[in-house]
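What follows is one structure encoded as structure tokens, with my remarks underneath.
Along the sequence shown, residues carry numbers from 1.
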Amino acid sequence: MAILIVSDLKRQFGAKEVLAGASLQVERGDKIGIVGRNGEGKTTLLRHVEGEEKPDSGKVQIAKGARMAYVRQSPSFAPGETVRAYVETGLDAVHELQAELAHLEQLMCEVEGDKLDSILHQHGEKSERMEFLGGWDADHRIESVMHGIGLDPALWDREARTLSGGEKSRTALARELVSAPDLLLLDEPTNHLDLEGIEWLEAYLKDLKSAVVIVSHDRRLLNRAVTKIVELEHGKTNSYPGNYSKYLALKEERFEVAFREWKQQSEHIRKEENFIKKHMGSQRTAEAKGRQKKLSHIVRVSQPHHDVRRPRLKLKQVARGGEMVFEGLQLDVGYDGVPLLSGVDVRLGRGDRLGIVGPNGAGKTTLLKVLASMMEPLGGELRFGHKAIVGYYDQNTSHLDDAESVYEHVRIRYPQMTHLEIRSHLAQFLFRGSEVDAVVGQLSGGERARVALALLMLESPSWLAMDEPTNHLDLAARTAIEEFLASFPGAIITISHDREFLDALCNQVLEVRSDGTARQLPGNYTDWRNVLAEERDAEGSAKQEQRDREKQVARKAAEKQAAPKKSKANKSSKAGGAKPAKASSGGSKRVRNPWAFEKLEADIEALETERDRLLAEMQKEENYKDASRMTDLQYRQAEVERDLEEKNETWANWE
């Protein structure tokens, strides 16, 4: 059943038609990736679906009663609203449903006959809805999601309005993820996530029951979490089953078939027109007129479009340096005398490709700036090799002058270049015609990135330091920069959250940790992730023996602490005798409302399970060594024991 139908959507901004008949159908549970070049209208399409913008023509139909969630790029927060409180509002629908279920359960205890059957039916429907929303463990999901996308627990109780831009975006994303809507719209959700957060989101989306429509340039995410690709090109949409890799193959196949059909028809039309022209007015005029009539009825096939434009990255000249580019020994990096990283040892040789990875805020960009001589280290020694000339790429493009045009950026910095040379160079980065006169301050993020790359390509460095070089670039431009860097003869050090990019490029990884340390490892991104997995396994095995020794001691302590409460609960149970079989299974206890009695027994079983779980939690090393956590568990256990005692007493006195 379709949850969303978009039909022939059209939208024009000035003289540019952004959407020219875009259509989209989303079934329940679909995972759809929207792809296309920058400026093709992907975000515009999502805004029209969400209702933030209105189309010039066309329809957007949402299934009746369906809940839709959209992560806005600039979320707003109420004064005094904390991060946790904002994320919890994503569970409003769950809490409303819980209240409705509680009301129905109360009614079940009060009615009989047909009324009870009707209420049971309503309860069943709402329980199914609660299952879809994941409402039974919704409160636990809040912390799981905030942890997963990289919101530090220290931020949870802060006023949301005081967060940085990236933290606000993650907070907004967390709210919509916990809400479990019928349809979730995501526009570049990985932009503000670190690598751990991206992988967590990827797994979360795969398991999410909601339908998801996601605009993303993350190829690995589109390969692993998406089951259908919708390409937006020239304002129109084309659907492809499967993930991103399959889309590339199918698109090429479709183009080849369409091009062959167009070419065959064009050749046929050319031959027919030549025949008509040659024989019209001759002895074969009748035949020529017949062919002309047939030709007029042919449905002409349009020449298929296959946009292969992408930046052509080529350095003007490359300086050749020595075998060693740089060596950092015990480097301390940070600001105002406060180090973010301490004791960093790193070495880069000619031809090396080093990827810097680690959580957001750990100091990756600061370290890259120190290594590229953009700022001084706080301590340690940094030695450079012979003719080590760096070309630095800033992801924020802060070195660009917003008041200058694209053309002026090249002319002012390279006055020796002719007008034709400048325009030819900019054309390689897809700036053509009047586009070269556009003021940089009015460009999109992807266009600014292309300006920065165009300037970088005019330098003659022996090695490159690049901070998120694929950010803001569409998939075609990302492929171009990968091909360029693969052929670059010098060394490269780069920060990136693009896992596909890191795997294709890097032969070494510099892992920056949140504890202020760093280490250099051989291999690409996948190799590094495998190392982390092996280390976790080894650490777990090393601690197992210690856990086994301490487990028995902890169990005895927990059981001793729980013994008085358990005795009290057991005494209450014995007061009413042992529990007989349920009334519904032929037990001796006759009850007025069998459903309510079964519900009471289910509650007792759930409380007993929770009590056993709490006892198990109290035996874990990370809990019994944490006084605050242990106190919380003890309080919760006391509450469970109290509730269990009350339920047992109610069961014993049931009439």
Minimum side-chain heavy-atom gap L45-V215 below 4.5 Å
no
Return all side-chain donor-acceptor pairs below 3.5 angstrom for residues 496-503, not counting sequence neighbours, or 'none' if the list is empty.
{"from": "S496", "atom 1": "OG", "to": "D498", "atom 2": "N", "distance (Å)": "3.0"}
{"from": "H497", "atom 1": "ND1", "to": "L193", "atom 2": "O", "distance (Å)": "3.4"}
{"from": "H497", "atom 1": "ND1", "to": "E468", "atom 2": "OE2", "distance (Å)": "3.1"}
{"from": "D498", "atom 1": "OD1", "to": "R219", "atom 2": "NH2", "distance (Å)": "3.4"}
{"from": "D498", "atom 1": "OD1", "to": "E500", "atom 2": "N", "distance (Å)": "3.1"}
{"from": "D498", "atom 1": "OD1", "to": "F501", "atom 2": "N", "distance (Å)": "3.1"}
{"from": "D498", "atom 1": "OD2", "to": "R219", "atom 2": "NH2", "distance (Å)": "3.0"}
{"from": "D498", "atom 1": "OD2", "to": "R478", "atom 2": "NH1", "distance (Å)": "2.9"}
{"from": "R499", "atom 1": "NH1", "to": "E202", "atom 2": "OE1", "distance (Å)": "2.9"}
{"from": "R499", "atom 1": "NH2", "to": "E202", "atom 2": "OE1", "distance (Å)": "2.8"}
{"from": "R499", "atom 1": "NH2", "to": "D218", "atom 2": "OD1", "distance (Å)": "3.3"}
{"from": "E500", "atom 1": "OE1", "to": "R220", "atom 2": "NE", "distance (Å)": "3.1"}
{"from": "E500", "atom 1": "OE1", "to": "R220", "atom 2": "NH2", "distance (Å)": "3.4"}
{"from": "D503", "atom 1": "OD1", "to": "N524", "atom 2": "ND2", "distance (Å)": "3.3"}
{"from": "D503", "atom 1": "OD1", "to": "Y525", "atom 2": "N", "distance (Å)": "3.2"}
{"from": "D503", "atom 1": "OD1", "to": "T526", "atom 2": "N", "distance (Å)": "2.8"}
{"from": "D503", "atom 1": "OD1", "to": "T526", "atom 2": "OG1", "distance (Å)": "3.1"}
{"from": "D503", "atom 1": "OD2", "to": "R220", "atom 2": "NH1", "distance (Å)": "3.0"}
{"from": "D503", "atom 1": "OD2", "to": "R220", "atom 2": "NH2", "distance (Å)": "2.7"}
{"from": "D503", "atom 1": "OD2", "to": "T526", "atom 2": "OG1", "distance (Å)": "2.5"}

Under 4.0 Å between a Lys/Arg side-chain N and an Asp/Glu carboxylate O for R432 and E435?
no
Using 0.5 Å steps for rounding, measure from the CG atom of L184 to the CG atom of L177.
6.0 Å
Show your reasoning for whether side-chain contact (heavy atoms from CB on, under 4.5 Å) applies to L453 and L473.
CA-CA 11 Å; L453 287 169; L473 298 180; 4.2 Å; yes
Can you name the residues that form a salt bridge (Lys or Arg N to Asp or Glu O under 4.0 Å) with D56, not counting sequence neighbours?
R11
Please confirm whether the backbone N or O of F429 pairs with a side-chain atom of R450, one donor and one acceptor, at under 3.5 Å?
yes
Does any part of the side chain of D527, heavy atoms only, come nearer than 4.5 Å to the side chain of V509, both counted from C-beta?
no
For the residue pair I229 and L250, establish whether any side-chain heavy-atom pair is separated by less than 4.5 Å.
no
Pairwise distance CG(L19) to OG1(T44) - rounded to 0.5 angstrom
6.0 Å
Results of side chain to side chain contact (heavy atoms under 4.5 Å, CB included) for A486 - residues two or more places apart only:
none
Would you mind checking if E143 and R84 are paired as a salt bridge, meaning a charged N to carboxylate O distance below 4.0 Å?
yes
Under the 3.5 angstrom rule, does the side chain of S210 hit a backbone N or O of P181 as a donor-acceptor pair?
yes
By side-chain hydrogen bond (donor to acceptor under 3.5 Å, both in side chains), T365 pairs with (sequence neighbours left out) D467
Distance in Å, R67 CZ paired with I3 CD1, rounded so as to fall on 0.5 Å steps:
10.0 Å
Salt bridge (charged side-chain N to carboxylate O under 4.0 Å, His left out) test vs E231 passes for just one of R37, K42, K251, namely K251
Check salt bridge (Lys or Arg N to Asp or Glu O under 4.0 Å) between R300 and all other residues, then give those that pass, not counting sequence neighbours.
none
Residue pairs passing the salt bridge (Lys or Arg N to Asp or Glu O under 4.0 Å) test where at least one lies in residues 395-409, sequence neighbours excluded:
D402-R448, E404-R413
State, yes or no, whether a side-chain contact exists between R141 and L91 at a heavy-atom distance under 4.5 Å.
yes
Applying side-chain hydrogen bond (donor to acceptor under 3.5 Å, both in side chains), name anything that partners S239, two or more places apart in sequence or on another chain.
none
Which value, rounded to the nearest 0.5 Å, describes the distance between H399 atom NE2 and Y392 atom OH?
9.5 Å
With sequence neighbours left out, what residues match Y407 under ring pair (Phe, Tyr, Trp, His ring centres under 6.0 Å)?
H419
I'd like to check the side chain to side chain contact (heavy atoms under 4.5 Å, CB included) partners of S245; sequence neighbours left out, ordered by chain and number.
N223, N243
Residues two or more places apart in sequence or in another chain: which of them pass side chain to side chain contact (heavy atoms under 4.5 Å, CB included) with N191?
E188
Would you call Y70 and V49 a side-chain contact if the rule is heavy atoms closer than 4.5 Å?
no
Taking K364 for the side chain and P359 for the main chain, is one N or O donor matched with an acceptor at less than 3.5 Å?
yes
Applying side-chain hydrogen bond (donor to acceptor under 3.5 Å, both in side chains), name anything that partners D30, two or more places apart in sequence or on another chain.
none
Give every residue pair that meets the salt bridge (Lys or Arg N to Asp or Glu O under 4.0 Å) criterion with at least one member in residues 168-177, sequence neighbours excluded.
none
Do L232 and V230 have side chains that approach each other closer than 4.5 Å (heavy atoms only, starting at C-beta)?
no
Would you call the rings of F488 and F484 parallel, tilted or perpendicular, taking 30° and 60° as the class edges?
tilted
What distance do L368 atom CG and I356 atom CD1 have between them, rounded to the nearest 0.5 Å?
5.0 Å
Reported OH-to-CG distance for the pair Y393 and L455, which is rounded to 0.5 angstrom
11.0 Å
Donor-acceptor check, side chain of S23 to backbone of D8, threshold 3.5 angstrom: yes or no?
yes
Charged N to carboxylate O under 4.0 angstrom, E196 versus R529?
yes
